[in-house]
Structures are given as structure tokens and as C-alpha cells.
Amino acid sequence: MESFVIHIPTKKAGLVKELLKELGVTFDKVDTDLGNCDKNHVPNAETIKAMNEVKEGKGVKFASADDLFASIK
């Protein structure tokens, strides 16, 4: 099976859904705010720790993306 993400104008969504049904194609609506993110994904302990540190203001801040990338070298 193949999967595709197709962005459809809201006004045309009903038409596209009907066409897909007629063709026998199954489909799921994807929340565009989440893109292809798996809503059931559970972050691992390291990711949760990092997110909590940022919430607590412990994250490192950079003035620009260039400064961020320079810090990685």
C-alpha cells in the first residue's frame, strides 16, 4: 500500500472525498497543524526531559540560527 499527503482546498474537500469513495480508495484526514505526526506517539524519556527543561526556562537561547549552528561545530 502507498500513502500520499495531498493538500486540498477546503471548498473542494467534499468533491475529492466523493471521488475517492467512488474509486474505492480509503483515506484519513490529517490535522494540518500536526502534518504527518503520529498523534499516538509517546516521546522517550530523553525527549520528555528536554521538553521539561525548556518549560522551566533552562534551555539555551541563541540570537540567530547562525549562532546555533556555530555552537554545534
Side-chain angles (χ1 to χ4, degrees):
M1 177 185 292
E2 289 187 60
S3 297
F4 295 94
V5 175
I6 302 170
H7 300 275
I8 302 167
T10 303
K11 293 179 182 179
K12 300 292 183 179
L15 176 65
V16 173
K17 288 178 187 177
E18 289 302 316
L19 175 61
L20 292 174
K21 284 181 187 177
E22 183 68 29
L23 294 173
V25 176
T26 60
F27 58 91
D28 294 310
K29 181 180 176 188
V30 176
D31 186 344
T32 56
D33 292 334
L34 298 175
N36 292 325
C37 181
D38 179 357
K39 293 178 185 178
N40 297 317
H41 175 76
V42 177
N44 63 26
E46 182 179 1
T47 302
I48 292 171
K49 180 182 174 188
M51 291 188 300
N52 287 335
E53 286 176 359
V54 170
K55 286 179 186 175
E56 295 167 5
K58 296 179 183 176
V60 178
K61 296 182 181 182
F62 297 93
S64 68
D66 289 336
D67 290 347
L68 166 67
F69 291 117
S71 76
I72 298 172
K73 294 181 182 177

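Evaluation of the side chain to side chain contact (heavy atoms under 4.5 Å, CB included) rule for V16 yields I8, L20 as partners, not counting sequence neighbours. Listed by chain and number, the residues in a side chain to side chain contact (heavy atoms under 4.5 Å, CB included) with K17 are F27 (sequence neighbours excluded). Applying the salt bridge (charged side-chain N to carboxylate O under 4.0 Å, His left out) rule to E46 yields no partners; only residues at least two apart in sequence or on another chain are considered. Partners of E22 by side-chain hydrogen bond (donor to acceptor under 3.5 Å, both in side chains), not counting sequence neighbours: none found. The side chain to side chain contact (heavy atoms under 4.5 Å, CB included) test applied to T47 returns P43, N44, M51, not counting sequence neighbours.
Hydrophobic clustering keeps L15 apart from L23 (ILVMFWY residues linked when any side-chain heavy atoms are closer than 4.5 Å, directly or through intermediates).
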I'd like a table of donor-acceptor pairs (distance under 3.5 Å, sequence neighbours excluded) in which one partner is a side-chain atom from residues 57-68, with atom names and distances.
residue: K58; atom: NZ; partner: E56; partner atom: OE1; Å: 3.0
residue: S64; atom: OG; partner: D66; partner atom: N; Å: 3.4
residue: S64; atom: OG; partner: D67; partner atom: N; Å: 3.1

